[in-house]
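The block underneath contains the structure these notes are about, expressed in structure tokens.
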Amino acid sequence: MTIVVNILKKNEFRSDGERVFKKSLSYLCNFFELDEVETVLFVSLFTLYYDYAERPVNLYIISDRFGCNPLEVLKYKDKIPVLLEKGFIEETEPPDGAFGRNFFKIPTYVCDAILSNTKIPAKSEKASYTFNNFIRQLERLGDSRVENNERIEVLFQAVENKELMHSTLEGIKRTKELVPLIQDRVLLYDVAAGMINYMRTEVEVMILVNRVTDDSMNRQAIAESIMNETHPLFALNLIQIENKSTIMESTISLTDKAFELLLGEEGKLYQKKRGDKNLKKPEAIQQKDLFYMPENEGDIKKLFGSMEKENMKKLQDRLREKKLPVGLCIMFYGAPGTGKTETVYQIAKKTGRSVFHVEIGTLRSKWYGETEQNLKKIFTDYNKMCDEAKKNDDLMPILLFNEADAVFGTRGGGGEGEGFRTDNILQNILLEEMEGIKGVMIATTNFEDNFDPAFERRFLYKIKFARPDAEVKSKIWRSNIDYLSESDAMSLAKSFDFSGGEIANIVRKITIDEVMDGIKPSKDMIFEYCKKEKIKDKSKIGFER
């Protein structure tokens, strides 16, 4: 080994065909059962590791010690996985805070075998090159980059090196083929790390964005692409929004497809149970203050009370005694942005229930008959959840059909086309399933004028959400922007005829400014946001008398 290393040093990591070098190298190849390139790389790492008093080494240290161009050594890097697999070297932490390049050490049993001039034994417990280990290493790289304020390009290079080290993993191969850009893969890996390493169901968007970029403009672009669901990983169906709120509160998760891509068959262990991707637990719901018009408050307060566990049990027991359907079907209707959907979530939060959220549009399929099957499956899954809850003396979740306008409208008999036929079938399924529902179903709609009377009869409660007046709007403004004075909040409320949802949209823009620019927008800046909120501005600028 000494002869080989000395000649490499003398010739700047080249042998120049010296006969003694070839002879020694041939002997080492036979002894280690490696090819020439693998042998040269191993003896170089071995010698430097012990020359450096057992300090971790890497390919750049070899090039520096041998006085050669780093490219001379880096062309050998594809042999590193072979040495790792055979157990001749092990990956280890960088020394003295070094970052971004893979470091290695020599296992003790390898050194003992060489010193005793015996064959290196097969490693009894070879390093487990699994995807879980891979993302743990990437998470440490990400943490180190943030702590040391390293450029994001250094992280990208380090991740590519890790991918090379784990190139035998099918999940890495599949991911590189499907997601060609390293910046997109790093984001995907980081979501996977948060979910798998800590068994989380979702990852915070803002924390994620800060970890995968170091440029403020790029940070905003990535954040917006996630919030708008235009990021390439959405197009590939690898990530999904879990909780869409402000940029500081929103969360995302891996899809079932992503788990299968990264982990293959093992990915099924991490996938949510059937229906769970639409199920939001009460602890994942952010508590919010909601404000209603006086005519709504009584009905909504009664609804909150009826959803309490004991009250709900008594109510269903009484309905059962009277041979009446025990399920509760409730309709929230009114103008967009008046708090219909958020009220459902706040009922769930306060009463400790989960929400099984269904968007009608997501059920539709281009395949004949599949849309109807999807809808039936929703009710099958939901009723099973209710049965399980009853068995465990737990709370039944709320089944939420959001923006259900398309299927609750008046049915007709003279329409033509596959779409018309499908809508009629969906309505018939809904009518039938609502009769036998076991828990609580709440449907929201922005349009009540063309509501089918058959559906009206099946909803026990029908609550109209009115647009907020100036007093209510003022409370909404102050609850979202705590530094607004009462007079400023009332000024905004009287000047702009906004719903609660529109106010929330403006608050999101203000939050982005606070995060990106580090400033709190003034009242005048908020007014400018308000003026630009509506494409067709029908708001009256000025004060009401």
Side-chain angles (χ1 to χ4, degrees), residues 1-16 18-129 133 137 140-141 144 157-158 161-162 164-166:
M1 288 179 67
T2 303
I3 292 173
V4 170
V5 171
N6 286 339
I7 291 175
L8 288 171
K9 289 179 182 177
K10 183 178 73 172
N11 296 323
E12 297 181 351
F13 212 64
R14 293 187 298 273
S15 66
D16 287 342
E18 294 189 27
R19 193 170 73 175
V20 65
F21 177 87
K22 289 291 187 182
K23 183 177 180 181
S24 299
L25 183 61
S26 177
Y27 171 80
L28 291 174
C29 288
N30 291 329
F31 182 81
F32 294 130
E33 298 179 357
L34 301 172
D35 66 24
E36 289 188 356
V37 176
E38 293 161 357
T39 301
V40 166
L41 186 58
F42 171 65
V43 298
S44 301
L45 289 168
F46 181 91
T47 304
L48 287 183
Y49 179 69
Y50 286 103
D51 280 355
Y52 279 26
E54 300 185 20
R55 284 169 55 82
V57 293
N58 65 4
L59 300 185
Y60 291 91
I61 292 175
I62 292 177
S63 66
D64 182 62
R65 184 66 181 274
F66 286 26
C68 66
N69 188 312
L71 294 178
E72 286 291 329
V73 182
L74 287 176
K75 65 185 182 183
Y76 286 31
K77 69 179 182 178
D78 61 342
K79 294 295 185 179
I80 288 288
V82 176
L83 300 180
L84 288 167
E85 179 64 23
K86 286 180 174 290
F88 279 45
I89 62 175
E90 290 179 354
E91 214 164 354
T92 188
E93 295 295 322
D96 303 329
F99 173 77
R101 302 179 179 91
N102 298 285
F103 283 83
F104 309 97
K105 67 178 182 178
I106 306 299
T108 302
Y109 69 88
V110 172
C111 180
D112 292 342
I114 291 173
L115 291 177
S116 62
N117 199 31
T118 59
K119 291 283 187 181
I120 297 175
K123 189 176 180 183
S124 57
E125 294 182 8
K126 290 184 178 180
S128 179
Y129 289 98
N133 287 339
Q137 293 175 26
R140 288 197 293 268
L141 288 174
S144 181
Q157 180 61 55
N161 288 341
K162 291 292 183 184
L164 179 62
M165 298 302 104
H166 294 76

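Residue indices begin at 1 and follow the sequence shown. Since the model is a prediction, treat every value here as computed from it, not as a measurement.
Residues that satisfy the ring-ring contact (aromatic ring centres under 6.0 Å, His included) test with Y50, not counting sequence neighbours, are F46. Partners of K119 by side chain to side chain contact (heavy atoms under 4.5 Å, CB included), not counting sequence neighbours, listed by chain and number: E33. Under the rule for a side chain to side chain contact (heavy atoms under 4.5 Å, CB included), the partners of V82 that lie at least two apart in sequence or sit in another chain are E38, K86. The side chain to side chain contact (heavy atoms under 4.5 Å, CB included) test applied to N117 returns Y27, F31, not counting sequence neighbours. Partners of T118 under the side chain to side chain donor-acceptor pair (under 3.5 Å) rule, at least two apart in sequence or in another chain, are S116. Residues satisfying the side chain to side chain donor-acceptor pair (under 3.5 Å) test with K79, not counting sequence neighbours, are D35.
Side chain of S63 to backbone of Y60: a donor-acceptor contact under 3.5 angstrom is found. Of the possible polar contacts, none joining the S144 side chain to the R140 backbone as a donor-acceptor pair under 3.5 Å is found.
Taking the side chain as every heavy atom from C-beta outward, V43 and F32 approach each other to under 4.5 Å. F42 has its side chain within reach of I106: a pair of non-hydrogen atoms, C-beta onward, lies under 4.5 Å apart. In this structure, L34 and L83 have side chains that are in contact, with non-hydrogen atoms separated by less than 4.5 Å.
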From CA spacing to verdict: side-chain contact (heavy atoms from CB on, under 4.5 Å), I62, V40: CA-CA 11 Å; I62 292 177; V40 166; over 6 Å; no

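From I61, atom CD1 reaches atom CZ of F104 across 10.5 Å, with rounding to the nearest 0.5 Å. For the atom pair CG of L48 and CZ of R55, the computed distance is 12.0 Å after rounding to the nearest 0.5 Å. The distance from the OG1 atom of T39 to the CG atom of L25 is 6.0 Å, given to the nearest 0.5 Å. If you take CG on L59 and CG on D64, they are separated by 12.5 Å, rounding to the nearest 0.5 Å. Annotation: the span from K105 atom NZ to I89 atom CD1 amounts to 12.0 Å, rounded to 0.5 Å.
Annotation for V110 and G87: closest pair CG2-O, 3.5 Å, computed over non-hydrogen atoms. Smallest separation of non-hydrogen atoms from A158 and L141: CB-CD1, 3.8 Å.
If you check the side chains of N133 and Q137, you find no donor sitting under 3.5 Å from an acceptor.
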